[in-house]
Each structure stands twice: as C-alpha cells, then as structure tokens.
*Asks:* 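Attaching a single structure in structure tokens format; questions to follow.
Position 1 is the first residue of the sequence, and the numbers go up from there.
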Amino acid sequence: MLLSHDLEPGGASLRSPSAEIARSKFVYAFAEGDASDKMLLGGKGANLCAMTQIGLNVPPGFVITTAACLAYLEGKGLPEGLMADVRLHIAELERKTDKRFGDEANPLLVSVRSGSAMSMPGMMDTILNLGLNARTLQGLIRTTGNARFAYDAWRRFIQLFGKIVMGIADDAFDDAMAAFKRQHGAAQDVDLTADQLKALSEQFLEIYRKETGHSLPSDPYEQLQLAIEAVFRSWNGKRAVDYRRQFRITKEMANGTAVNVVAMVFGNMGEDSATGVGFTRNPATGENAIYGEYLTNAQGEDVVAGIRTPKPIAEMAREMPGLYRQLVELRDRLETHYKEIQDFEFTIEKGRLYCLQTRNGKMNARAMVITSVEMLEGGLISKERALMRIAPMLLEQLLVPTLDPAHRVKPLAQGLPASPGAASGRIVFDADTAEQRATLGEKVVLVREETKPEDIHGFFAAQAVLTSRGGKTSHAAVVARGMGKPCVSGCDAIRIDVRERCAEVGGTLLHEGDLITIDGTTGNVYPGQIPTVEAEFFPELATLLSWADEVARLGVLANADTPRDAARARQYGAIGIGLCRTERMFNDTQRLPIVQEMILADTVDARRAALDRLLPIQRADFKAIFKAMAGLPVTVRLLDPPMHEFLPTASQLEFEISHLRHLQRLTRSVAELPDTLRLLDPELPRDYVESLGKLQQSLVQYRATHRDDTLLTRREAMLKKVHLLSEVNPMLGHRGVRLGITYPEIYEMQIRAILEAAAECVQEGIQAHPEIMVPQVCDAAELKHVKALVDAAKADIEARYGVALNFKFGSMMEAVRACLRAASLAELAEFFSFGTNDLTQATFSFSREDAENKFLPQYITGGILPENPFEALDVEGVGRLMRLAVKEGRGARPDLVVGICGEHGGHPESIRFCHYAGLDYVSCSAPRVPIARLAAAQAKLREKEYAATVFV
Ligand code: PEP
Ligand code: MG
C-alpha cells in the first residue's frame with residue numbers, strides 16, 4: 001500500500017494551469033520550472049526547481065518533461081526541436097559553470113537522471129559523468145588533479161552508458177573487472193591504481209565495441225541524446241513496470257519519467273570537498289536534530305558502496321565548522337519551504353555546498369507522530385497537515401510488540417500478515433493442548449491448518465496463532481485481530497500433521513513443544529525465540545489522536561467480546577463497543593459443555609434448564625463489560641452462528657466413537673480372558689490366574705469410574721445431533737435471528753442477561769448503556785418478533801429490580817434484503833450496524849473463505865477486482881447498498897444511528913467511504929481504534945475531494 005508520506009511535497013496530482021498551456025514546451029531550466037507540477041517535471045525535477053528558486057545552492061541544470069517522455073514512448077521519437085532546446089540549455093549551463101561541454105581544457109560533465117511524479121527509488125536509470133571522451137578525460141585529469149578519480153569515472157561511464165543506452169549486460173564488464181583485479185592482485189576496486197584503471201577502461205571500450213559493433217560515441221551531444229532516450233525507455237523497463245504494479249502507481253499518479261540534466265559537482269576534489277546524505281530530523285526517533293553521514297574527499301558512490309566508513313554529520317561541526325553552519329542553514333530552509341522532514345543529498349566542492357536532491361524523508365511510525373506534534377508546536381505546520389501527513393495504517397506498528405530490530409534470524413516461511421505484532425512460544429497443535437500448557441505457565445503458539453469457533457479457548461491461551469490455510473479475513477485472522485494477538489494465516493509452506501504432532505516446513509521438522517516466533521506484521525515465521533520490543537502509547541500519540549478526535553465527525557467504537565478487550569479498547573480511545581459477539585462467551589471451555597447440553601436437549605424444558613445455568617454466567621459477562629465501558633454504549637449482538645459450530649465435527653466424533661467402541665471390545669475380551677484360557681488349559685498356573693484376577697479387578701474399577709458406555713452413548717447422541725444440524729450452506733442457513741425465532745428461549749435468556757446486568761449496574765450507580773443488536777435480519781417481521789421478547793423482558797426486569805432501563809434496539813445490516821428493506825426495518829430499529837463481512841459475502845455471492853483460498857488472488861492479479869473486497873470495502877457494490885439503506889432508513893427514522901462493525905470498520909479507505917456515506921460511527925478491533933481515529937479525521941479533512949470522486 002502506498003503511504004501518504006510517499007507523496008512528494010506538493011502532491012503528485014497538482015497541475016498548474018500555466019503548465020497546461022505551456023505543454024508544448026519540453027525543457028525547463030531549474031530557475032523557471034513550476035515546482036508544483038510534479039506530473040510534468042517529476043518529483044526530483046520539481047524539487048530541484050523549487051530549491052533553485054528559493055535560492056538554495058543547486059548545481060545548474062534543466063528538466064526535460066514527462067510529456068516529452070510520453071511522446072517518445074508513443075514511438076514518435078524525441079519531439080521536434082527538443083535537442084535544439086537542450087543545446088540552448090546546455091549553453092546556459094556552460095555560462096553558469098564557466099565550463100564547456102566537450103571541451104578538452106575545462107570540460108562540463110553532466111548527470112542524466114530519471115525522476116517521475118512518484119518516488120520509485122532505483123527503478124529507472126541514471127547516467128553520471130556524461131560528456132567524457134578521450135579528450136575531455138584529459139581535461140578532467142587536469143582540473144581535478146586526480147588521474148585515478150578521472151579514469152575511475154571514465155570506466156564507470158563506459159559501463160553505465162553501455163548498459164543503459166546499449167543494453168550490454170553488466171556481467172560483460174563485471175567479469176572483465178574481476179579478471180583484471182585477479183591479474184593485478186587487487187582485492188578491491190580501490191586497490192587499482194590510475195594506470196590500471198586506464199588499462200581497464202581500454203578493455204571496457206573494447207567490450208563496448210564488441211558488444212555493439214561500433215565505438216562509444218565521443219560527441220557529447222550524441223551521448224546526451226542517446227542517454228535521454230534511454231532514460232525515457234526505462235519508464236517501461238521491467239523493473240519500473242513491476243514496481244508500479246506492486247505499489248499500485250496509476251497513470252493518474254505518475255505518467256512517464258522526466259529527465260534531469262545537471263552539471264556534475266565533485267566531492268572528491270581535496271580535503272575541502274565532501275559528499276553526504278542528511279535528514280532534517282532523525283528518521284528513527286523523530287528527534288529535532290540534523291542527522292546523516294558524510295565523507296570528506298569522496299564521491300557519492302563511496303558512501304553507497306561502503307568502501308569507506310562515513311562519519312556522523314555531528315562531527316562536521318568540529319571538522320568543517322563553516323560548512324556545518326551552511327548545512328544547518330540548508331536544513332532550516334528545506335524544512336521551512338517543504339514543511340516536511342527532508343531526506344537530502346549534498347556535495348561540497350572546494351568549500352562550496354551544493355544540494356543535489358531532496359525528497360520527503362521516510363520515517364518509522366513513531367518518528368512520524370513525534371515530528372507531527374513537534375512541527376505543529378514549532379509553528380511549522382497546521383493541525384490539518386499534522387494529521388494528514390501520517391498514513392493511518394502506519395500507526396499499526398505502534399500498538400503491538402515488534403521483533404527486536406537487531407535480530408538476524410532467517411524466516412522459515414512466510415504467510416499472510418493477518419494480525420500485527422510479534423510473539424514467541426512453544427508449538428501446540430490444538431486448542432485443548434494450548435489451554436493445558438498455558439495453564440502450566442507456558443507460552444504457546446497455536447498452529448493449525450485453520451481455526452474454528454470451538455478453538456476459541458486456544459486463542460485465549462496462545463500468544464499467537466499460525467494457520468496454513470485461510471486469508472486475512474479467515475476465522476483465525478478475525479479472532480486474533482479482535483484479541484490483539486499476532487496471527488499469520490495462509491502459510492501454505494507449512495504442512496501440519498496433527499496426529500503425529502509435527503509440522504514440516506522447507507525441510508525443517510517442527511515438533512509440538514518446539515519454540516517458534518511469528519511476526520503478524522510481516523507474515524514471517526521464525527524458528528526459536530526472538531526477543532520482542534513492547535509497544536507503548538506515548539504522549540505524542542495521545543496528543544495527535546486527540547487532535548484527530550476534534551476534527552473527525554465519525555465516532556470510533558470497538559469490537560470487543562471480553563471485559564479485558566473492552567478495557568483495552570477504551571484505553572485506545574474507543575467511545576463505545578460497537579460489536580460484542582456473544583458466541584465468543586459461549587465457546588469458553590467452562591461454558592461449552594452447558595451450551596452443548598442446551599443444543600442436545602430434546603425438549604424445550606431441558607433446553608431451558610441448560611439456559612438457566614447459562615443466564616447468570618452471561619449476566620456476569622455483560623456486567624463486567626458494562627463496568628469497563630461505564631458511561632459508554634455497549635452493543636451486544638444476540639447469538640449469530642449456526643448451532644453446529646458449538647459441537648465437534650462429525651469426523652472428529654466418528655473418530656472418538658470408533659476408539660470408544662474399540663476400547664469397549666477390548667475390556668470385554670480381557671474380562672473373558674481367564675475363562676477362555678481355562679478352557680484351553682484347566683491347569684493354568686496359580687500366579688497367572690492371580691494376575692489375571694487383578695487385571696479384571698482394575699477393569700471393573702476403570703469401567704466404574706470412566707463409564708465408557710455413557711461416554712459412548714453421549715458421543716453417539718452428539719453425532720446424531722451433528723448430522724441433524726448439518727446444513728449444506730451453514731452460513732446461509734439456520735443462524736442469526738432465524739435461530740432466535742426457532743429457539744426463542746435462547747434469545748430470551750440473552751436479552752434477560754443483558755437487561756438484568758444493566759439493572760444491576762443502575763442499582764450500583766454504574767452508567768450502563770446497552771444496545772441490543774439482532775444479527776442476520778432480512779425482514780422487519782423478524783425484528784418485530786425479537787422486539788416483543790425485549791419488551792416483555794424489559795417490563796419484567798424493571799418491575800423486579802425497581803429501576804428504569806435505558807437501552808437501544810437495533811439491527812445488523814448484513815443481508816442484501818435488509819438494505820433493500822431499510823425503511824421498514826428503521827421503524828423498529830433505533831440503529832443500524834452494517835456487518836460488511838457478511839454483506840460483502842452476500843453482495844458478491846462469494847463465500848469468504850473459499851474466495852480467499854481459491855480464486856480471489858487471481859481476480860486481483862488479473863485486474864478483475866482492484867482489491868480484496870473483504871479487506872477494502874467495495875464502494876461501488878456493497879457501498880451502494882449501504883448508501884441506499886442509510887437514505888431509506890433515515891427517511892423512516894431521521895435520528896437513526898448508523899455504523900459499521902465489519903472488518904472494514906478498521907480500514908482507512910473504507911472509513912473514508914463511511915464518512916462520505918453519512919455513517920455516525922465505525923467499529924473495529926481494539927488495536928485498530930487509533931488507526932480508525934486518525935482515518936476518521938482524514939476523511940473529514942478530505943471530504944471536499946469526494947465531490948470529484950465518482951461513486952456510482
Ligand atoms: C459482519 O458480518 O460484518 C459481522 C460483523 O459479523 P461476523 O463477522 O461476526 O459474521
Ligand atoms: Mg456477520
């Protein structure tokens with residue numbers, strides 16, 4: 001994903017009208033180019049123009065526009081008159097530098113650099129030292145007084161030109177270089193003398209001749225034209241095309257590359273020369289101090305190639321105090337102009353400081369937040385800019401533990417980064433083992449092919465979850481995210497064998513109990529334990545998010561199912577719970593047997609008896625959540641999943657039953673064994689008979705304590721029920737409100753538990769604001785049915801507790817028909833909450849798990865769908881239904897509160913749509929709350945842009 005700070009200063013899409021008019025002009029001197037027109041001049045070109053125009057010392061140069069590039073790529077060759085313009089601009093460079101292009105005495109050399117509207121580091125080509133030939137080389141030797149440097153520049157130029165312009169493979173030169181070094185006993189490039197480099201250059205020229213069939217052009221203008229064309233072509237090179245696809249850089253964001261022709265300056269002209277790179281503030285910590293490295297008497301490549309160790313910029317204050325002062329002044333002027341942290345390159349040539357390039361500095365999340373707050377407090381930027389310059393997803397790193405950056409462990413495999421954060425633990429292959437080992441104080445990682453609702457206790461027990469199947473919205477991913485635990489899903493390189501209690505990955509065999517580390521932020525799985533660094537909610541983040549709250553219109557609530565998650569959500573700034581999934585409580589190991597009893601009950605009375613035991617448990621759950629969220633709304637969803645999700649699978653039961661039967665047969669045969677043996681030999685030795693007698697006794701005891709026959713009967717009954725409950729399409733089957741209507745006593749119990757918990761809170765002076773939410777609704781009649789249960793419970797509880805209950809009643813909007821019938825639903829519902837997980841599934845008729853495992857990846861790479869609609873809200877389809885529902889719902893009930901609680905509620909671009917669609921709130925997992933708060937503020941700040949965006 002592209003982060004907003006990847007945009008170069010000024011934004012890529014701003015195009016001035018004057019530039020439109022002057023479109024036929026293809027070449028701009030740095031002094032005249034419109035610095036706001038990155039589309040035309042590219043990011044680098046626009047910045048070079050800006051820096052020149054604000055009076056910074058930039059080597060003279062000019063930009064050839066992206067328009068010229070596009071014309072060239074259309075196959076029309078270079079636009080007419082372009083090279084004539086280039087000549088005029090070169091003449092200007094000659095005047096400014098007092099050097100001449102192609103001159104033997106005092107040669108002007110230039111660099112030819114690519115640069116598009118979006119930063120694409122290293123993706124396109126750049127040629128340095130252009131203008132060198134056999135004659136100008138002599139001039140360079142004289143003017144620099146450094147023959148070694150000149151020959152080195154020469155051989156580099158031959159290779160670069162040969163490679164970029166003529167397409168000669170690097171190997172041809174590199175092999176020759178390696179052989180040459182061997183021959184001369186030189187370990188490194190730097191060990192080669194001037195004469196040796198001279199000889200090597202001759203070899204390079206020969207390679208060029210052999211590979212191309214002609215000599216390297218000596219005419220500098222011919223060199224320049226060929227170089228310009230080659231840089232233009234590099235826009236369509238494989239590297240650049242792949243990069244644009246990977247980072248979704250569209251034509252609207254960057255179209256074609258500009259070419260910057262810049263006079264070369266040299267940092268290797270003696271001890272009063274240097275080269276370096278700097279950040280206007282520390283990109284790792286955000287500290288407001290110039291940060292970077294430099295090397296005296298060196299050229300840029302020396303820094304990059306690591307040939308010499310650069311010195312920290314702070315040392316320059318001592319070594320070159322005058323120049324350091326100039327550098328600090330440069331830093332101040334860059335920040336004042338760009339109002340952003342800059343990452344700049346500089347060269348000092350004979351005591352003169354040049355800024356060669358600047359761009360927005362890439363920083364980690366913490367530094368972004370700190371610099372936002374400090375730049376605002378320093379009066380450099382507005383609150384709007386402080387909020388807009390941070391991509392909300394960047395905050396994800398701040399709230400979860402991360403791997404110690406110093407670790408060097410190689411990952412075993414990579415899956416999908418499903419829930420961020422890193423954790424280590426011992427491998428366990430099922431939820432029960434996870435729970436057992438965690439109870440003993442062990443840290444465990446739950447490793448499964450995929451997870452199911454009945455694994456929930458394993459999630460509670462585990463530090464992290466790893467699955468070999470499933471996408472980023474699979475059960476494992478959603479549950480882990482909700483709990484804020486790291487999860488890697490769909491790691492198909494891992495083959496799990498639960499029966500053998502081992503897993504194989506790339507030749508490594510992992511056993512239960514082995515340590516692994518997973519990083520849910522990158523999807524990496526590592527062997528062993530890697531230390532992690534804890535996250536903290538530092539003061540600047542709290543400040544920034546408080547500004548976000550002032551700006552945002554959308555409220556941010558959290559999806560939380562336990563008091564612990566609720567408390568965390570509140571700490572992260574959630575102003576309520578937008579979704580409390582009650583089934584998570586049902587799956588707790590203590591409760592599951594009661595829930596199963598309820599499901600297996602053959603009569604309503606038996607079911608009620610089980611529910612009566614669940615009631616106090618649920619009531620206590622709700623009360624604890626209300627307490628944690630005192631004063632804030634808590635939306636409790638009535639039971640949603642199909643019943644069979646609380647029972648083991650048929651195959652698991654069949655497996656257990658066959659074992660139990662086997663055991664039964666075995667014990668029977670042992671019981672009969674003495675008689676059988678006596679038949680064979682009536683004189684069986686006494687001690688033998690005695691041991692058999694003991695064995696029989698133990699068996700009798702065993703059967704008395706273990707009652708395998710009862711266990712077997714229960715398992716068989718459960719299997720029958722599982723078959724009975726089995727559905728062809730469970731997600732579209734007997735679930736949600738359908739379940740509440742056919743088994744009203746379940747919803748009755750839950751409604752009672754919610755309202756009784758609220759009544760107890762009222763009695764204790766705790767402000768509880770429950771909201772009862774009905775899942776899977778498709779018709780108002782369903783709501784009416786449940787509303788009647790609610791009204792009855794309310795009357796009864798208010799009378800019994802002697803308190804007035806204040807709560808809301810609402811509907812989830814996750815069926816297409818619910819959206820189409822929103823007006824009638826709103827007559828009963830006080831709020832709507834879009835369950836966009838199911839609504840997306842229903843709108844596309846895609847089963848989420850199947851889609852992500854099977855065809856979605858191909859749909860996305862093949863361009864059929866722009867993104868995974870389970871991650872990024874499908875604005876055109878699902879969004880359209882949402883807008884219809886909002887409109888019709890509010891038509892029927894103007895004060896209808898509308899929110900979203902599907903996974904999209906934590907996705908910044910989807911939040912932007914929710915703002916546009918007029919929702920009141922978004923609800924997301926606790927760790928996403930800060931992200932959503934910032935995204936909600938940005939949605940408000942960017943709302944004017946919606947006018948220009950077409951949402952059909
Ligand atoms: C939804 O469908 O968006 C939703 C929140 O419900 P669940 O994910 O629990 O099905
Ligand atoms: Mg749902």
Side-chain angles (χ1 to χ4, degrees), residues 238-239 242-243 245-246 397 400-431 433-434 437 442-452 455 458-459 461-481 485-533 849-858 860-861 868 871:
K238 183 170 165 15
R239 253 181 311 158
D242 288 348
Y243 187 92
R245 188 178 312 121
Q246 171 75 18
Q397 321 171 356
V400 292
T402 46
L403 288 182
D404 178 353
H407 90 86
R408 293 289 169 266
V409 185
K410 258 184 68 189
L412 281 174
Q414 191 178 30
L416 299 171
S419 175
S424 307
R426 297 195 178 276
I427 297 174
V428 288
F429 291 112
D430 64 74
T433 315
R437 295 184 80 142
E442 218 166 52
K443 289 192 158 53
V444 296
V445 174
L446 179 61
V447 179
R448 301 212 30 89
E449 282 195 336
E450 61 190 349
T451 61
K452 297 241 162 66
D455 293 325
F459 282 78
Q463 305 297 311
V465 179
L466 167 63
T467 67
S468 59
R469 287 212 298 259
K472 286 204 260 180
T473 49
S474 61
H475 176 266
V478 172
V479 176
R481 267 204 298 279
K485 294 198 176 187
C487 174
V488 171
S489 65
C491 190
D492 52 15
I494 297 190
R495 263 170 247 313
I496 300 169
D497 188 337
V498 183
R499 299 251 163 98
E500 293 299 318
R501 317 304 285 173
C502 65
E504 191 267 332
V505 46
T508 307
L509 197 61
L510 299 167
H511 294 96
E512 193 151 59
D514 286 354
L515 275 170
I516 53 164
T517 299
I518 72 157
D519 185 348
T521 313
T522 58
N524 281 337
V525 179
Y526 299 90
Q529 181 169 13
I530 301 174
T532 52
V533 185
E849 310 274 318
D850 294 331
E852 287 190 336
N853 284 331
K854 306 233 159 55
F855 54 87
L856 253 187
Q858 206 179 325
I860 295 159
T861 45
N868 177 348
E871 270 173 55

*Asks:* Would you say the side chain of Val428 lies within less than 4.5 Å of the side chain of Glu512, judging by non-hydrogen atoms?
*Replies:* yes
*Asks:* Sequence neighbours left out, cut at 3.5 Å: what donor-acceptor pairs do the side chains of residues 513-520 make with other protein atoms?
*Replies:*
{"residue": "Asp514", "atom": "OD2", "partner": "His511", "partner atom": "N", "Å": "2.7"}
{"residue": "Thr517", "atom": "OG1", "partner": "Ser424", "partner atom": "OG", "Å": "2.8"}
{"residue": "Thr517", "atom": "OG1", "partner": "Gly528", "partner atom": "O", "Å": "2.6"}
{"residue": "Thr517", "atom": "OG1", "partner": "Ile530", "partner atom": "N", "Å": "3.1"}
{"residue": "Asp519", "atom": "OD1", "partner": "Thr521", "partner atom": "N", "Å": "2.9"}
{"residue": "Asp519", "atom": "OD1", "partner": "Thr521", "partner atom": "OG1", "Å": "3.4"}
{"residue": "Asp519", "atom": "OD2", "partner": "Thr522", "partner atom": "OG1", "Å": "3.4"}

*Asks:* Between Arg495 and Val505 (side chain of the first, backbone of the second, donor and acceptor by atom type, cut-off under 3.5 Å), is there such a pair?
*Replies:* no
*Asks:* Evaluate Leu403 against Val409 for side-chain contact (heavy atoms from CB on, under 4.5 Å), listing each step before the verdict.
*Replies:* CA-CA 11 Å; Leu403 288 182; Val409 185; over 6 Å; no
*Asks:* Could you tell me the separation between the OH atom of Tyr526 and the CD atom of Gln414, rounded to the nearest 0.5 Å?
*Replies:*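 The OH atom of Tyr526 sits 8.5 Å away from the CD atom of Gln414.
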*Asks:* Is the side chain of Glu849 donor-acceptor paired with the backbone N or O of Glu852 at a distance under 3.5 Å, no angle test?
*Replies:*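 Answer holds: no.
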*Asks:* Do Lys485 side-chain atoms and Phe459 backbone N/O form a donor-acceptor pair below 3.5 Å?
*Replies:*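 Pair found, side chain donor or acceptor close to backbone of Phe459.
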*Asks:* Taking the side chain as every heavy atom from C-beta outward, state whether Pro527 and Thr508 have any pair of such atoms under 4.5 Å apart.
*Replies:* no
*Asks:* Quick check against the 3.5 Å criterion: does Arg501 have a side-chain atom that pairs as donor or acceptor with the backbone of Val498?
*Replies:*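 Yes, Arg501 side chain to Val498 backbone: donor-acceptor pair under 3.5 Å.
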*Asks:* Quick check for you: to the nearest 0.5 Å, what is the distance between Arg469 atom CZ and Glu450 atom CD?
*Replies:* 4.5 Å
*Asks:* Is Lys452 paired with Asp455 through a side-chain N to carboxylate O contact shorter than 4.0 Å?
*Replies:*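 Here Asp455 does not pair with Lys452 in a salt bridge, since their nearest N and O are not under 4.0 Å apart.
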*Asks:* So, taking the atom named CD in Glu500 and the one named CZ in Phe429, what distance separates them when rounded to the nearest 0.5 Å?
*Replies:*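 Reported to 0.5 Å precision, the distance equals 11.0 Å.
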*Asks:* Return the CG to CG distance between Leu416 and Asp492, rounded to the nearest 0.5 Å.
*Replies:*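 Result: 8.5 Å between the selected atoms.
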*Asks:* Does a side-chain heavy-atom distance below 4.5 Å link Val479 with Cys487?
*Replies:* no
